[in-house]
Every structure is written in structure tokens, then in C-alpha cells.
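These numbers were taken from a predicted model, which means no experiment stands behind them. Reckoned from all heavy atoms, side chains included, excluding hydrogens, waters and symmetry mates. In what follows, chains carry the letters A, B, and so on, assigned in the order in which the sequence lines appear, proteins first and then strands, with residues in each chain numbered from 1.
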Amino acid sequence: MTTSTPPTPTASAKNPEQINPPGGTERRPIGQVLRSQLQQSLAFATLVVLIIFFSISSSSFFTVSNISGILLSTAVIGILAVGTTFVIITGGIDLSIGTGMTLCAVMTGVFITDMGLPLVVGVIGGIATGALMGLINGLNITFLGLPPFIATLAMMLIAQGLALVISGVAPIYFAEQAFKDIALGTLIPGLPNAVLILFACAIVAYVVLSKTILGRYTFAIGSNEEATRLSGVNTRKWTILIYTVAGIFTGIAGVVIAARLGSAQPQLGTGYELQAIAAVIIGGTSLLGGRGSILGTLIGALIMSVLINGLRILSIQTEWQNVVVGIVILVAVFTDSLRRRREA
Amino acid sequence: MSAIVSRDPVGVFGPDSHLSNEAGSIVTTHLLDVDGISKSFPGVQALKDVQFRLDRGEVLALVGENGAGKSSLMKILSGIYTKDEGTIRFEGNEVEIDGPRAAQALGISIIHQEMNLMPHLTVAQNIYIGREPRSLGGFVLRERALNKKAAELLKRLRIDLDPRQEVGELTVAKQQMVEIAKALSVDSKVLIMDEPTSSLTASESETLFRLIEGLKADGTGIIYISHRMEELGRIADRVTVIRDGRYVGTLEKGSFDVPTIIEMMVGRHIDENARPAVIDTHGNDVVLKVENLSTRNVVNDVSFELRRGEILGFAGLMGAGRTEVARAIIGADPKSSGTITINGKVVSISKPTDAVRHGIGYLSEDRKALGLLLGQTVSENILLPSLPNFTNPLGFVQPAKGKNVAKRYVDQLKIKTPSVQQVTKLLSGGNQQKVVIAKWLERDCDILIFDEPTRGIDVGAKDEIYALLNDLAARGKSIIVISSELPEVLRLSHRIAVMATGRITGFLDNEKATQNSVMELATRGHE
Ligand SMILES: Nc1ncnc2c1ncn2[C@@H]1O[C@H](COP(=O)(O)OP(=O)(O)OP(=O)(O)O)[C@@H](O)[C@H]1O
Ligand SMILES: [Mg+2]
């Protein structure tokens, strides 16, 4: 097609009416930028406050070994949360990441311990299991038209059942130290590898979300799926891809948790999905879709584990820990809705 | 011979040539030749044997009442709906358009009647969605190039927008300009505009018309849908009328005038320049008194009174702050100062529910985002604000009672729908607007604020709505009407408040108001 010069209307100088009259209601982008970062900055401030509070309350909180422990316990939830950030930005939800992670861990065990495959193959197999689950989620949502909640709820149960059946309801242990080193080794002294994996995942996810076409369509679908489709974007294809990406992160989390525990625990997993989703929301990603960030998710995940760790150090019962985490989620979602109301 | 000509692969006949019918030739190479199109939805025959043709470099206006099938026909052409029957010839070749991409590939682009933007993305990201500049195997976005491209496009089109601004933050009119820019960002051979001016003011529309003229000169064929009859004389070369999904006829340039078109559309005569009966409401009680109302960034010291039985029109250019006044009154936006007195009592309204409690109803200008539950049925929407009236003492909704009320509005406002149980999303644009109006009529507030009430509503139905508003006023309701259509303000209001840059620049009694006197006040402070 040849490029024709689009027409140039002649502006009439006499016309008193401007397209953009003075005193228009639009805010400038700078305000926008600030506002979209507000939830994130709020989350960050909360994190800082929590750290200061626990440091003052207990001398054993702000120590190298405890901080390193916090980071290690953030790793698994963090990786899950990073993956599910994509799904939540599209306005969807993925409930299958918790038990899905367990199934990936079990499959890794099957590949490495039961079948004796090389480590690398086993790890790739575990991650591929996650990708496959994500793919099936995506297909169910797009082609069968199931709501994400239902599709992934079903997958959550299927993954849980399969993990138990395949493992025979018994842990699968890993003999090789090299496998455990995936999580517990220290390429950087003092910092478990699992934390490095979390950061690597976050950086990759950040780049994909903000610099690539996949990220753009993630936001576009969450903002207005119909409009995106009508613009000629194959939204089905991208939705499937997005759930598959989330599945890959689930697979990585599965490998990391197996390596950290030295075994695949088939009973584990339920509850992780809610913690991950909570981290995403605390980090400012909107459940309504269209808005969110990886940095926020990372901060959200840190808040969760700092809180849990700190409460434990202060010897607060586990039951109360849950209550506190619940309240934090309420507060986070409330400030988010406050901000939205002001925007409207 | 005919086979060769009809393909015309290299454009032997040039971009503008078509062998004319009068010359007795067998073949024409119209840009678009549509024939025998039928389409039905469950319970609705939306189109039945519709035909039209479009040539290069012309504007074909497509008109018809709400629900006549205009948008459905255009959605077939742009690959969103598939036709049941009929043929589409594009540059002489029969084509099947089976998706938005197929339409794009042929060079058919469309500006949808309903906003189809991603509010969380920026202007530039919206314009080039699906066609982003990329690198590294098409996976990595080149954001800077994208913004630059968009800035150039907007500059060429003389649309004053920042490419990096989020679309959700723009006013409806500006969002419409984004849609227009988006459609013009591809070199299309056929450009479909489905009510592009319904949310634009006169000068923005004029900008659009100049763009259209430029596109015509380049040989683009344009299909233009509008309910604003006065626009047709300005830009249409031919007018095709459809009624109830059927083809009525086509009028050539020079042979059409507005009364004829309206009669073809509606089947009766309508006087577009009528004025309200002179009713003196000056002696009535003041129902609503607004004093020194200001908001943080737009509204500046606005004071006015609204009397019982009065229709007060708010006129002004876009950005004059009319909607902002309404939003501040009903508590949707914070006020920075000002008092509101209702029936002599000062009231504090800080959120929309307060307004409803004090008997103020507000019909918003953006029906999709704020006025309608698109996934709910027609009757659910109409009854929503007045649900307590349709429940028994235990709080259970009594559907039968409500259904009759909803049916009454469907008849009264001529809402075209197979039943009151139809999902609102499936109604035509104008009919959705009628549902919003019905909803507020049923709520029975004493003070009603209508913001662009007849946006996208056909001439016949407008007439019905005007009659209804007059009737409400005669029954003692007080009404504020905000409208960008000057004829509408003049037609409806007993008194007109004119705003410019956030202030009221004057009040006019209807008998004294003319288009010129209103415009004079509306442009005050703009020099
Ligand atoms: N997807 C759908 N499902 C069911 N009915 C539909 C659907 N789309 C359109 N219709 C019906 O088809 C008829 C024609 O609608 P269409 O939107 O084409 O009207 P229109 O001429 O564009 O009207 P308006 O001027 O109000 O925009 C209407 O009765 C509408 O309710
Ligand atoms: Mg329409």
C-alpha cells in the first residue's frame, strides 16, 4: 500500500473555540505517573516501617542470618506472585499456582529420583509441567469460555489430586546435593541461590511486562479485552500465552521449593496461591485488570514474609499471624480503592 | 472481458474511474458494492436485503432510526459480525470478511459507535495497538518510536493531545478524537465512521469535517453515520436511508434536504426548529439554589437558581465546565467552595448517594462507564434505582410488578428490543441511551440533571424525549439539561445558562435567545 499524506486541515484563526480550551480538566502526565506509583510507594513505605518496627522490637530481627532467612522464605511466594501478576493484570485469576507448584515439584522428583534422568532434564521437565498446566488453563478459558476462576479452580484440584496419586502420597527425596544447591547453594556468599532465582525471575518479568509486545497486550486485555480484539489483536492467542507464562513461573517455584526442602512434598501447596495473590494485590496490581507492576509485587511479597517472620520473632501465635496478614490485605485493597475513587 | 475488468488488479482505470451505469456498460468498479445483506439475531431481524454502494472519494451518509441496523451493517463490513446472506464486492471482487484482521487487510477501518479504547493505555499505545513498532523479532516494543509516530500523526491531524497521556483520564470528546486518530493512522480505502460526532462540539466536528475533506481528496471512500441531520448537507455526497433493517432509498447530492430524509427515516414529518411553549416560571419557588460553587481546577464561582417546573439549559463549548458543575453539585467531584440549598434548606452533598437522597438525579454523559449495567437486562436497568418500590415487605423483588413498568417505558420511548428481558449490551447505541433515560424517569427525582441526554438518539425519538421532559416539567419537576447541541438547548429550555471557562457568562430567557446570542456568551473570555 502506498503511503498517502493524511490531510491537513486548515485551522481557522478566527474560530474562537479551541480544541483544548484553557482550564481543561485533564491532568498532565506527571501527575499521572505520581499517582500510578502511589500504591507502590505506599507499599514500600509500609515495608520500611515494618522493618524499622521489628528491628526496634527485637534485636534478633535485623541480623544477616534472619534477613537472609526472610529472603529465602520470600523466594517461592515471590516467584509465584511474579507469574500470577501477569494473569491478574489481564483481569483474570489463577488459583492453580499453589497445588500446581506441588505437582511440578513431584514431577521433578519423578524425573530425577524415580526415573534417574539427568538433573537438567528433570528441572526442565518440572518447569514444562507448569507450562503445560498454564497452557491448559489458557485453552479452557479462551476456547471453552470458562471464567478464569472456575478453570483454574478445577486445575487446582486436578493438580492436587495428580500430585498425590503420582507420588503415592509420600515425599520423593532428592539425593544429589547439586539439586539442593539450586535453592540453598550460595553463588553470592550469604545469599541463597533461591533469592537470586527470584530476582532473576522478577527482572525477566519486569522486562517482558514493560518492554515487550506480550506485556503490552497483557495490559490491553486487562483494560478492555473487547476493544483489544476489535483492534485486530488475537486476544485468545495472547491470553493462552499469558497463562502459560504464569505456568512457567509455577514450574520454577516448584523446582525451587523441592530443592529447598530436598524433597517433593505432595501434601504441600494449598494456601500458597492465596498468599501469592495477596502479595500481588498489596503491591498495587488491580484485581479489575489493566494496572500493576512487578516491582510492586516484589514489595508485596516482601511485606508478607517480613510480617510473618517478625510476628514469629515476637512469639505471636500462628493463628494471630493469619489475622494480621488478613488485615494487611484489607488495608492494601482499601487504600487502592481510595485512590481509584479519587481518580474517578 | 468482464472477469478481467472486474479484477482490475493494477487499477487500469485509475483510482477514480468507474465505468458509469448510464453509459450502458456492464461493469462498474465501485470501491464497495454491497447487496442483499441480511442478518438476524435471536428474536431480531437486524438487516433484511440491504444494499448500497460506495465510490472512491465520496462520503456516503447512512441514516436511520435507532435500531435500524446501521451499526450491524458496518460491523459486518469490518468483520465483527458475519452476514447471513448477501454479497460484498470490494473493488469489483467478491470478498468474505471473516474477522477484524481481514477487514484491515482489505483497507477497511472503522470508528466504532461505542468507545473501543483501552483506558489504562496511553494515547499512542491505543492508536497503534496491534501495530506497534517493534524490534528483535517483533517481540520487543520500541516505545520511543511509538510515541514519536503518534505525535507526528496527531500533529498532522491537528489534534491537540499528548501521546503519553492515559486515555482513561481524557474526557469523552477527547477519547473520541483518539478513536478518530486511530482510524486515520492506517491508510484505509474505506473508512467507516459510526456516529463520530455524537460527543463532539461544533468546532471539533468542524475539525473532523476538514479531515474528511482531505481524505476524500485522496480517494478514500467514507461511510458516515449520524443522527445530526444538519451535518448531512455539510459533508454527505449521497445519503442512504434504512428503516427497520430494510433499504429505503438513496438520495443523490443536490436532491436531498433534511425534511425529506427525516420522512424517509421516520415516516412522518418533524419540525426541527420548534421552540418550547412560553412558560413563565419566574414566579415559582426556587427548588435548587447554587451559590458560589467552585472546584479545584475548573468550576469558578458559579451561582444559579432552578425553579419548580423549570427546564434550565446549560450551553457552552467543550471544557466550559458544564459537566463539572453537575458533578460538583451531586458530589461526584469535591467542591472547593459553595453552598447548595434545596427547598430553602442548606444541604451538604459529598457523594452521589447524598444527591439521590435529596432528590437529585443525574444522567451522566458517559453512559457506558457510569450509566448502565450492560450485562443486565433492560428491565433490571430501568428498575435499578427504584428497586425498593418493587419489593414486598420481606425485601424480595416482585418481578411481575416491575416488568409492567419497564414495558411501559419501552413503549413510551420506543425502545427497540425483543423484550424487556434482553441484555442491554445487545441493544443499539441509541436504544441504550433511552434505557438510561427511562431509569431516571422511573426514579422520580424532583430535580433531574440530564447531561447530553439525546446523544446518539434519532430525530424521531428525540422528539418523544423532548415531549416527555416538557411533560415532567409541567408536572412540577425541575430539570437541568446540559447539551452541546445548540438547537436542542434552544428547543428545550425555558431559560439558558451559558458557561465559558468555568464561569457562567450569562442567562438568557428562551424568547430572547438565539444561536448567536448564546455563542457570544459562550466565547466570552476566550480572546
Ligand atoms: N449482538 C446482537 N445481539 C442481538 N441483537 C443485536 C445485536 N446487535 C444488534 N442487535 C439488534 O439489531 C438491531 C439493529 O441494531 P444496530 O446497532 O445495528 O442499530 P443502529 O441502526 O446502529 O441504531 P443506533 O442509531 O441506535 O446506533 C437492534 O434491534 C439491536 O438490538
Ligand atoms: Mg448504531
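Within a 6.0 Å sphere centred on CZ of B/F139, other residues, nucleotides and ligands contribute more than 12 heavy atoms. A 6.0 Å sphere centred on CZ of B/F209 holds more than 12 heavy atoms belonging to other residues, nucleotides or ligands.
With a 4.5 Å cut-off on side-chain heavy atoms, A/R216 and B/M118 do not count as touching. For the pair B/P119/A/N224, a side-chain contact is recorded, criterion being any heavy-atom separation below 4.5 Å from C-beta on.
Side-chain atoms of A/Y217 come within 3.5 Å of backbone N or O of B/G130 as a donor-acceptor pair.
A salt bridge is absent between B/K425 and A/E226; no separation between the charged side-chain nitrogens and carboxylate oxygens falls under 4.0 Å.
Taking OG of A/S223 as the reference point, atom CG of B/N126 lies at 7.5 Å (rounded to 0.5 Å). One distance of note links NZ of B/K75 with CG of A/L230; it measures 8.0 Å at 0.5 Å rounding. Interatomic distance, B/Q104 CD to A/S231 OG, rounded to the nearest 0.5 Å: 7.5 Å.
Contact annotation for B/K182: only side-chain heavy atoms (C-beta onward) come within less than 4.5 Å of a heavy atom of chain A. Only the side chain of B/I80 comes within less than 4.5 Å of a heavy atom in chain A; its backbone stays farther off. Only the side chain of B/L146 has a heavy atom closer than 4.5 Å to any heavy atom of chain A.
Annotation: maximal heavy-atom pairing with chain B below 4.5 Å, among A/T212, A/V207, A/V233, A/T228, occurs at A/T212.
Of all non-hydrogen atoms in B/I129 and A/A220, the two that sit nearest each other are CD1-CB, 3.7 Å.
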